[in-house]
S.K.: 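Here it is: the structure, laid out below.
The sequence lines fix the lettering, A, B, ..., with proteins before strands; numbering per chain opens at 1. Given the structure is predicted, the values throughout are model-derived calculations rather than measurements.
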Amino acid sequence: MSRSQTDLNLYLAEKIHAALNALSQEKGQEPQTRSITLAPPKDEKLGDLGLACFPFAKGLGTSPVDLCRELAERIPVDEVIERINPTGPFLNIRLSREALARATIEGVLLDRAPFGPFEPNGKKIVIDYSSPNIAKPFHLGHLRSTVIGAALRRLYLHTGHEVHGINHLGDWGAQFGKIIVAWREWGDEAELATNTMRHLFDIYVRYGKESQERPELDEQARVAFQNLETGEDNEERRLWEKLRSISLKAFQGPYGRLGVEFDHVTGESFYEDKMDATIQAIEEKGVATLSEGALVVDLSDEGLPPCILRKSDGTTIYATRDLAALFYRRENYSFDRLLYVVGQEQKLHFRQLKLVLQKLGWPEADQVEHVDFGLILFWDEAEKRWKKGTTRGGNAIFLDEVLDEAVEGVRKIIAEKNPDLPDKEKIAEMVGVSAIVFNDLKNERIKDVKFDWDRMLSFEGETGPYVQYAGARLASILRKAGHGNLEEGLFESNIDYSTLADADKVLLVMQEFGPTLQRALDRNEPSMVTGLMIRLAKSIHSYLREHHVLSAEEPVRSARLALVAAARRLLATGLATLGVASPQEM
RNA sequence: GCGCCCGUAGCUCAGCAGGAUAGAGCAUCGGUUUCCUAAACCGAAGGUCACAGGUUCGAACCCUGUCGGGCGUACCA
């Protein structure tokens with residue numbers, strides 16, 4: 001079964017492409033290279049998918065209306081294309097309902113691309129995401145990089161890429177000097193043991209406040225990091241190791257709850273012994289200069305501040321470690337693309353890094369991309385506006401608090417609406433955590449997220465639970481039909497797909513899966529998938545209202561069950577790429 | 001100051017590389033439950049797409065300028 005047999009957008013695009021090329025050849029023109037994007041016509045009576053002919057007409061020296069008519073003549077009606085209908089400059093196509101149902105349902109249930117995994121394409125993608133500063137709690141600010149990166153990792157995996165997901169932990173650097181000093185001043189072993197992250201957070205915040213009146217703290221912190229970077233087995237190193245390992249352990253909690261995985265956990269400290277060689281390599285290329293006591297790559301040609309390789313006190317900086325990581329990743333992963341899922345406030349830093357790579361003459365410079373995202377803003381009642389929250393100010397919200405609130409909200413709804421549900425606690429966790437993840441992946445990543453408890457804890461409308469609920473309803477129908485394993489045995493009976501004409505809305509949304517994955521990859525934008533899942537859930541909820549499955553007569557009943565199984569499965573697949581669970585019941 | 005990002009319904013956002021009459025959710029109002037989960041469904045109301053020019057068959061989308069908000073602007077990450 002070829003891809004275009006299950007992905008009808010692709011099927012149509014191939015037909016149109018062939019017709020366009022035939023026309024080009026006749027007119028002695030170059031073949032068309034412009035990609036074909038189909039969109040639903042404004043009026044559904046015109047067809048299911050349409051192509052605007054304007055851009056193609058220009059190259060062929062004809063009018064869009066004429067081109068549209070000519071294309072329609074050249075694309076014969078077949079078992080998939082029920083009607084081809086030139087409407088002025090728009091080429092509208094109506095799909096055969098039977099073919100639509102067959103291609104979609106069989107494609108999904110037989111796990112064919114784009115619904116199932118793609119054939120390996122040999123491309124290697126490295127994704128750097130989450131990368132929190134440990135020794136500070138996992139707070140809301142870490143959530144975005146973590147869930148966006150994890151979703152991209154799964155999307156690239158699904159579409160046949162070799163993916164290396166890396167957690168570039170912030171476990172090195174000047175900040176550790178501050179944490180070491182804070183620990184010396186106010187650290188409490190008992191607190192650290194019982195209340196690890198809260199305690200580290202408290203002393204870090206205290207450092208931020210007290211260092212303003214006691215500037216000697218900053219000097220101590222600077223020295224502490226300097227001592228750490230000597231590589232010697234000294235007090236600083238022992239403290240660093242202790243604090244690092246204990247906080248790393250504490251981070252497994254949030255990662256576990258979120259279901260986030262990494263292929264490599266190589267933090268900044270991993271490059272401790274690789275930075276000298278990196279600096280040396282850059283110096284040998286002759287692009288490093290000394291400026292104000294620091295070793296830098298000058299970028300004034302591009303009108304940017306310099307990229308600092310070594311600070312005037314001899315210690316390294318995050319740029320040094322990022323460059324060492326780039327050298328290491330090029331050597332060890334020979335990536336086709338390297339994605340940094342990091343907030344937009346670091347845009348300048350990544351521009352600088354890329355420019356350094358260009359100066360080094362790396363061809364890979366163009367394959368390094370900053371996948372940036374917006375901030376999390378908090379409502380300031382006094383100023384009546386949305387503001388950035390800071391860890392330093394002590395107003396960070398811990399991720400566990402947010403997840404716990406969401407789970408508690410779900411518990412209440414279960415108690416009210418489905419008190420007999422088995423495994424209540426497990427389901428509450430699944431649904432509550434998912435709601436937070438889904439919410440974060442809902443909007444375009446570049447948009448700032450406005451943190452709003454009411455909105456986050458709302459489970460109605462365009463939310464994670466709404467989508468999960470659609471899946472649970474489908475699962476419930478399958479369970480009652482005796483399909484314990486959901487789609488098992490469905491193909492044993494011959495399904496009469498012609499009886500599913502009234503399910504065209506659901507099926508057409510399911511057909512958007514392929515093009516949506518493509519767009520999500522092109523733009524590194526998981527929200528494309530989130531949006532599709534909402535539309536799919538919406539179409540399912542509507543369909544189930546109007547069409548009864550279990551009480552239908554054969555052969556309609558079997559066909560509807562197949563539809564239900566396929567919709568359920570696709571929903572689960574899409575949600576899984578987002579990191580959202582699909583409970584059987586809720 | 002300079003650079004980058006954002007500005008669409010009361011609120012939060014979509015708008016699928018420039019296409020047909022700008023769409024959802026929340027909130028508001030009204031309707032649906034002897035029916036596989038009402039965390040649902042159906043309907044009503046709600047718009048100067050920040051503003052002004054420009055590009056063209058066509059602009060919420062591209063260009064220029066203005067206004068508003070945000071982020072960044074060498075030894076934090």
S.K.: According to salt bridge (Lys or Arg N to Asp or Glu O under 4.0 Å), who are the partners of K347(A), at least two apart in sequence or on a separate chain?
M.R.: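 Salt bridge (Lys or Arg N to Asp or Glu O under 4.0 Å) list for K347(A), sorted by chain: D372(A).
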S.K.: Please report, rounded to the nearest Å, how far the P atom of C4(B) is from the CG atom of D372(A).
M.R.: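 D372(A) atom CG is separated from C4(B) atom P by 14 Å.
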S.K.: Just to verify, what does T37(A) make a side-chain hydrogen bond (donor to acceptor under 3.5 Å, both in side chains) with, not counting sequence neighbours?
M.R.: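 So T37(A) forms no side-chain hydrogen bond (donor to acceptor under 3.5 Å, both in side chains) with any residue.
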S.K.: Using the salt bridge (Lys or Arg N to Asp or Glu O under 4.0 Å) criterion, which residues pair with E460(A)? Sequence neighbours excluded.
M.R.: none
S.K.: Can you sort out the partners of R244(A) under side-chain contact (heavy atoms from CB on, under 4.5 Å), two or more places apart, ordered by chain and number?
M.R.: I134(A), L169(A), D171(A), W240(A), L248(A), S269(A)
S.K.: Protein within reach of the bases, or only the backbone? For nucleotides 15-27 of chain B, mark each nucleotide 5' to 3' as B, S or -, using heavy atoms under 4.0 Å.
M.R.: SBS-BB---BBS-
S.K.: Just grab all the salt bridge (Lys or Arg N to Asp or Glu O under 4.0 Å) pairs involving residues 417-436 of chain A, residues at least two apart or on different chains.
M.R.: R257(A)-E429(A), R411(A)-E425(A)
S.K.: Run the side-chain contact (heavy atoms from CB on, under 4.5 Å) test against H17(A) and tell me which residues pass, sequence neighbours left out.
M.R.: N21(A), I36(A)
S.K.: What residues form a side-chain hydrogen bond (donor to acceptor under 3.5 Å, both in side chains) with R206(A), not counting sequence neighbours?
M.R.: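 side-chain hydrogen bond (donor to acceptor under 3.5 Å, both in side chains) check on R206(A) returns E210(A).
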S.K.: Which residue pairs satisfy the salt bridge (Lys or Arg N to Asp or Glu O under 4.0 Å) criterion with at least one member in residues 534-551 of chain A, sequence neighbours excluded?
M.R.: E462(A)-K538(A), E512(A)-R535(A)
S.K.: Whenever both distances are under 3.5 Å in a Watson-Crick or G-U wobble pair, mark it; put RNA chain B into dot-bracket that way, with [ ] for crossing pairs and | when the partner is on another strand.
M.R.: (((((((..((((.....[...)))).(((((.......))))).....(((((..]....))))))))))))....
S.K.: Do H548(A) and the base of C36(B) stack face to face, with centres under 5.5 Å apart and an angle between planes under 30°?
M.R.: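 Base of C36(B): stacked against H548(A).
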S.K.: Can you name the ring pair (Phe, Tyr, Trp, His ring centres under 6.0 Å) partners of H547(A), sequence neighbours left out?
M.R.: Y543(A)
S.K.: When you compare the protein's N or O atoms with those of nucleotides 67-71 of chain B, which come within less than 3.5 Å of each other, and at what distance?
M.R.:
unit_1, atom_1, unit_2, atom_2, d
G70(B), OP1, R385(A), NH1, 2.6

S.K.: At under 4.0 Å between heavy atoms, what does R321(A) touch on the DNA or RNA strands: base, sugar-phosphate, or nothing?
M.R.: sugar-phosphate
